[in-house]
There are 2 protein chains.
Amino acid sequence: MARVYNFSAGPATLPVEVLEKAQAEMLDWKGTGMSVMEMSHRGSAFVSIAEDATARLRRLLDVPDDYSVLFLQGGAAGQFAGVPLNLMGERHTADYVVTGNWGKKAIKEAGKYGEANLAASGEADGFTSIPAVSDWNLSSNAAYLHFTPNETIQGVEFQDVPDVGDAPLVADMSSNFLSRPVDVSKYGVIYAGAQKNAGPAGITMVIVRNDLLDQAQAACPMVFNYKQQRDADSMLNTPSCYAWYICGLTFEWLENQGGLEAIEKINIRKSSKLYDYIDASDFYSNPVDPAVRSRMNVPFLLADDTLNKQFLAEAEEAGLSTLKGHRSVGGMRASIYNAMPEAGVDALIDFMRTFAKTNG
Amino acid sequence: MARVYNFSAGPATLPVEVLEKAQAEMLDWKGTGMSVMEMSHRGSAFVSIAEDATARLRRLLDVPDDYSVLFLQGGAAGQFAGVPLNLMGERHTADYVVTGNWGKKAIKEAGKYGEANLAASGEADGFTSIPAVSDWNLSSNAAYLHFTPNETIQGVEFQDVPDVGDAPLVADMSSNFLSRPVDVSKYGVIYAGAQKNAGPAGITMVIVRNDLLDQAQAACPMVFNYKQQRDADSMLNTPSCYAWYICGLTFEWLENQGGLEAIEKINIRKSSKLYDYIDASDFYSNPVDPAVRSRMNVPFLLADDTLNKQFLAEAEEAGLSTLKGHRSVGGMRASIYNAMPEAGVDALIDFMRTFAKTNG
């Protein structure tokens, strides 16, 4: 079968150039006579792969010198524990702003390690908007403020970095990481599971300001200890080597697209045309406040939800895969990360238009 | 370049058939139009991959029904915390038998979560033997006894399962997992990083007896919580999908070799011929008690260690890669896991013989 347009929320579509390169190098990486999967992580070949990927990520995000970049196992969900274990220190309070399912999970996990204060929540209106920063109920002594710049399930995205005073900002950037330029200097910690915009599942990037490195709680597992992992170049134990390599290829692809400024323009164009079509339609709707709609994850409902099954079946047949919405929201969701070609969004809109005409 | 014989201790050589299949399926897994790396872990395609891999592992090890099989992130080093976090419960004491570097790391990490009692150690004689079970200093109230059936660095391997009474046995089986049949029913928990005999780095198997599942400490990160992960089929968060898939291909390859009884015979033959050659030589030596020599990791010293550099360079040139010993032991180490062909061991012995003749 030909490649489909895969709208999965993550793991998600990867650039075909990345997959082709990985395929070509599978049995023999650059004349070493072995696959990247088989290489000692301590050997010069893999170390060069890891260093190259790290340098590319630093370039893409223009990471300041006083930040460390880690590639860890455990997923963003692992960091739901990793962040408080590393940052709550002796202050034992942190503020959480919850704008969707992932923020809810993050604050719940943080409660194991200290006082996790719900500073604001969008739950009252079903996570279709983001409470104004002026209404956030901030602690005076928070070790950090945690938020989720893009909520994958609800399709809600911060369009600006919230200004919250002294507490270091901690962002679970999993689902809009590398989709737009970021001023890293405004954050204490940025973390992101790779499986949306950066590579395959199984590796998690953590970008941490160096002054926050060395204050882990005694109970912090060593694999999650930022300081120890930084001192070991993320190789305190064997890292997720192959995923790191694929991330490097994805970063290379992204640099070849022109970097984050260039990809942001494309992401704005892709998401705008899809939202514009939905808003102009009587057949489809998106409930999210237009000011905070996600460029990455576009949930939409059919006016008649008895047609959902037929929509999904016909979409699949048309080569438009994994459009089913999350069960907590219902309907459909089109995840249109960096690697989704604009032609994929065009094909989706064409299909939606035809489906509406036939069934409306 | 042609494929080399890769003696890396891990990540380690994989069966070429596994890599070829992964290569062929890279852009389109079985007509889905997408790579395994791109699949939603909740979709039917990936769920079938995960279930198939899990079923194959259960068949290979004949895992009893009252055990759960998990595929987690974090490595065996993650489980150094995961085991005490899940098993120490309110008893807060566990016994550790240390027969090499990995056991030392495990007991150190366990000390964060309770009383980790050093029941026995082989350190006094440089980890070249294993203390007799009758000399172990066992606690009366241990929640479990932890040991390392094969120590990758020292090349020391238990040839029998120690009989220690009531405390559940917990084994870090990373480096001899799937190299021989195992009576799983004798263990409380078996865990293993994949990157020796089971697949690529980034995924860790945990086989846990069900009555031990539900006693995690409050501080246990959810990604390490055995009960929660079991209830979620190891998908509490996004798993290391591609590594899981490669493990499945490796399990399939192992079944095609005839399973663990068959591979054990080959492993005995491979390791015996290498030890026999070393023992018969004046030029090479292995310091480990012959009764507990590892079938997987064969460290050896050159009589004249000023020749080490030359040995490694000429071996590399002969297509024999990654033979350098761990810095804590020195000399050389040949890791000869399941996927190392017998021809690779023969080629190594031939090379060693020629090198000794030329330089002895």
Side-chain angles (χ1 to χ4, degrees), chain A residues 1-4 6 8-14 16 19-20 22-23 26-28 31-35 37-41 43 46 73-78 80-82 85 109 112-113 193 195 199-203 218-219 221-224 236-243 246 319 321-322, chain B residues 1-4 6 8-14 16 19-20 22-23 26-28 31-35 37-41 43 46 73-78 80-82 85 109 112-113 193 195 200-203 218-224 236-243 246 319 321-322:
Chain A
M1 180 173 189
R3 299 255 310 156
V4 297
N6 173 12
S8 173
T13 193
L14 288 164
V16 70
L19 295 171
E20 283 169 348
Q23 182 177 47
M26 178 61 86
L27 276 89
D28 178 14
T32 54
M34 60 180 82
S35 174
M37 273 188 244
E38 304 176 296
M39 289 176 180
S40 168
H41 57 298
F46 185 75
Q73 294 189 54
F80 293 169
L85 280 163
E109 186 78 348
K112 295 179 181 171
Y113 308 105
Q195 68 271 16
I203 196 158
M222 66 174 177
V223 297
F224 287 155
L236 190 68
N237 62 325
T238 314
S240 197
C241 298
Y242 197 73
I246 299 289
S321 181
T322 326
Chain B
M1 181 176 191
R3 300 254 312 156
V4 297
N6 172 12
S8 173
T13 193
L14 288 165
V16 69
L19 295 171
E20 284 170 346
Q23 183 177 46
M26 179 60 86
L27 277 89
D28 179 13
T32 55
M34 61 180 83
S35 175
M37 273 187 242
E38 302 176 296
M39 290 177 178
S40 168
H41 57 298
F46 185 75
Q73 294 189 53
F80 293 169
L85 280 163
E109 186 77 349
K112 295 179 181 173
Y113 309 105
Q195 67 271 16
I203 196 158
C220 185
M222 67 174 178
V223 297
F224 286 156
L236 189 68
N237 62 324
T238 314
S240 197
C241 299
Y242 196 73
I246 299 289
S321 181
T322 326

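In what follows, chains carry the letters A, B, and so on, assigned in the order in which the sequence lines appear, proteins first and then strands, with residues in each chain numbered from 1. Keep in mind that the numbers below use all heavy atoms, side chains included, and drop hydrogens, waters and symmetry copies. Since the structure is predicted, the reported quantities are computational estimates derived from the model, not experimental observations.
Taking every heavy atom of both residues into account, A:Arg3 and B:Met34 meet most closely at NH1-CA, 3.7 Å. Taking every heavy atom of both residues into account, B:Leu14 and A:Glu38 meet most closely at N-OE2, 2.7 Å. Scanning all heavy atoms of the two residues, the minimum distance from A:Met26 to B:Leu19 falls at CG-O, 3.5 Å.
In this structure, chain A has a heavy atom under 4.5 Å from the side chain of B:Ser8, while its backbone stays farther away. At a 4.5 Å heavy-atom cutoff, the contact between A:Ser35 and chain B is made by backbone and side-chain atoms alike. Neither the backbone nor the side chain of A:Leu236 comes within contact range of chain B; no heavy atom of the residue lies under 4.5 Å from a heavy atom of that chain. Contact of A:Ala12 with chain B is made through the backbone alone, with heavy-atom distances under 4.5 Å. For a residue to count as touching a neighbouring chain, one of its non-hydrogen atoms must lie under 4.5 Å from one of that chain's; by this rule A:Ala218 touches chain B with the backbone only. Of the atoms belonging to B:Glu109, it is side-chain heavy atoms, and not backbone ones, that fall under 4.5 Å from chain A. Residue A:Pro221 touches chain B through both its backbone and its side chain, counting heavy-atom pairs closer than 4.5 Å. Only the backbone of A:Met39 comes within contact range of chain B, judged by heavy atoms closer than 4.5 Å.
Applying the side chain to side chain contact (heavy atoms under 4.5 Å, CB included) test to B:Thr238 and every residue at least two apart in sequence or in another chain returns A:Pro11, A:Gln195, A:Ala201, B:His41, B:Cys241. Annotation: ring-ring contact (aromatic ring centres under 6.0 Å, His included) contacts of A:Phe224 (sequence neighbours excluded): B:Phe224.
The candidate from A:Ala243, A:Gly10, A:Ala9, A:Gly75 with the greatest count of non-hydrogen atom pairs under 4.5 Å with chain B is A:Gly75. Contact count against chain A (heavy-atom pairs under 4.5 Å) is highest for B:Gly74 among B:Ala81, B:Gly74, B:Ala77, B:Ser240. The greatest number of non-hydrogen atom pairs below 4.5 Å with chain A, out of B:Val223, B:Ile203, B:Leu85, is found for B:Val223.
Distance CE/B:Met37 to CD1/A:Ile246: 4.0 Å, rounded to 0.5 Å.
Side-chain atoms of A:Thr32 and B:Val4, non-hydrogen and from C-beta on, never get closer than 4.5 Å to each other.
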